[in-house]
Amino acid sequence: MTTDATPPVNLASMPRAEFAFPGPLRDQLVAAILNGSKTSTTGLLVDYELEGESLPKVGSRSVVIDSDDRPVAVIEITGVRVVPLAQVDLAHVVDEGEGDTSVAEWRSAHERFWHSEEMRAALEDPEFTVDDTTLAVLERFRLVTDLNRSGFGRDLIP
């Protein structure tokens with residue numbers, strides 16, 4: 001499951017990877033990363049732009065944060081694509097590890113998230129909606145270190 005036998009040099013200096021918002025969905029996604037079933041994720045380009053964040057770069061590593069704000073894993077980006085939502089493919093959907101078996105099923109679940117009050121508040125747009133032309137950031141990643149299983153512990157970040 002993990003490929004590196006040594007801990008990251010300085011977890012505190014690594015970017016944080018926070019999947020969804022804290023709560024049951026984040027817990028589900030983190031568990032899927034740790035069990036190896038989640039190796040891709042989708043964000044919206046508008047979210048990166050609003051936060052002033054640059055797009056992820058292949059080879060970059062980040063520390064995955066759980067709902068309790070604790071580091072649980074280190075992942076490495078293996079691929080990044082920006083595509084309109086209409087071009088998200090089934091391979092990406094399946095690799096998200098959420099159990100979706102069709103692009104339509106995946107899209108419906110993701111639209112519920114993107115149209116939620118919490119996401120609209122984060123985007124500072126109470127009427128935000130997506131459509132086929134909305135640009136999505138498709139990331140592929142690999143699990144580098146499961147901090148729970150590595151023996152390095154989750155107390156590596158102050």
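Atom CG in L85 sits 8.0 Å away from atom CG in L135 (nearest 0.5 Å). Separation of atoms CD1 (I33) and CG (L143) is listed at 8.0 Å; rounding is to 0.5 Å. Taking CZ of F141 as the start and OG1 of T78 as the end, the distance is 8.5 Å to the nearest 0.5 Å. Atom CD1 of I75 sits about 7.0 Å away from atom CD of E139, to the nearest 0.5 Å. Here the straight-line distance linking atom OG of S67 with atom CD of E18 works out to 10.0 Å at 0.5 Å rounding. Residue D146 holds its CG atom at 10.0 Å from CG of N35, rounded to the nearest 0.5 Å.
A donor-acceptor contact under 3.5 angstrom links the side chains of R112 and S108, judged on distance only.
Each side chain to side chain donor-acceptor pair (under 3.5 Å) pair with one or both residues in residues 119-130, not counting sequence neighbours, would appear here, but there are none.
Qualifying salt bridge (Lys or Arg N to Asp or Glu O under 4.0 Å) partners for D131, counting only residues two or more places apart in sequence or in other chains: none. Applying the side-chain contact (heavy atoms from CB on, under 4.5 Å) test to S40 and every residue at least two apart in sequence or in another chain returns H92, D95, E96, R140. In this view, E98 and K38 satisfy the salt bridge (Lys or Arg N to Asp or Glu O under 4.0 Å) rule, not counting sequence neighbours. D89 is linked by a side chain to side chain donor-acceptor pair (under 3.5 Å) to R81, counting only residues two or more places apart in sequence or in another chain. Checked against salt bridge (Lys or Arg N to Asp or Glu O under 4.0 Å), R107 has the following partners two or more places apart in sequence or in another chain: E111, D132.
Closest approach of L34 and N148 over heavy atoms only: CD1-ND2, 4.1 Å. Between I77 and P56, the shortest heavy-atom contact is CG1-CB, 4.1 Å. The heavy-atom pair separating V93 from S102 by the smallest distance is CG1-O, 3.8 Å. Shortest non-hydrogen contact noted between I65 and V30 is O-CG2, 3.9 Å. Across all their heavy atoms, D66 and V72 have their closest contact at OD2-CG1, 3.5 Å. Here the closest heavy-atom approach between residue S62 and residue A17 is recorded as OG-CB, 3.5 Å.
Inter-residue side-chain proximity for F21 and M119 is flagged as met; some heavy-atom pair is nearer than 4.5 Å. You'll find the side chain of D69 stays beyond 4.5 Å of the side chain of P22, heavy atoms only. For the pair Y48/V82, no side-chain contact is recorded, criterion being any heavy-atom separation below 4.5 Å from C-beta on.
With R26 contributing its side chain and F19 its backbone, the two residues share a donor-acceptor pair below 3.5 Å.
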Begin with the C-alpha distance, continue with both residues' side-chain angles, and end with the deciding distance and a verdict on side-chain contact (heavy atoms from CB on, under 4.5 Å) for L147 and V63. CA-CA 9 Å; L147 296 172; V63 61; 4.3 Å; yes

Between D47 and L123, does the side-chain contact (heavy atoms from CB on, under 4.5 Å) criterion hold? Intermediate values first, please.
CA-CA 7 Å; D47 197 18; L123 293 173; 3.7 Å; yes

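By the 30° and 60° cut-offs, the orientation of the rings of W106 relative to W114 is perpendicular.
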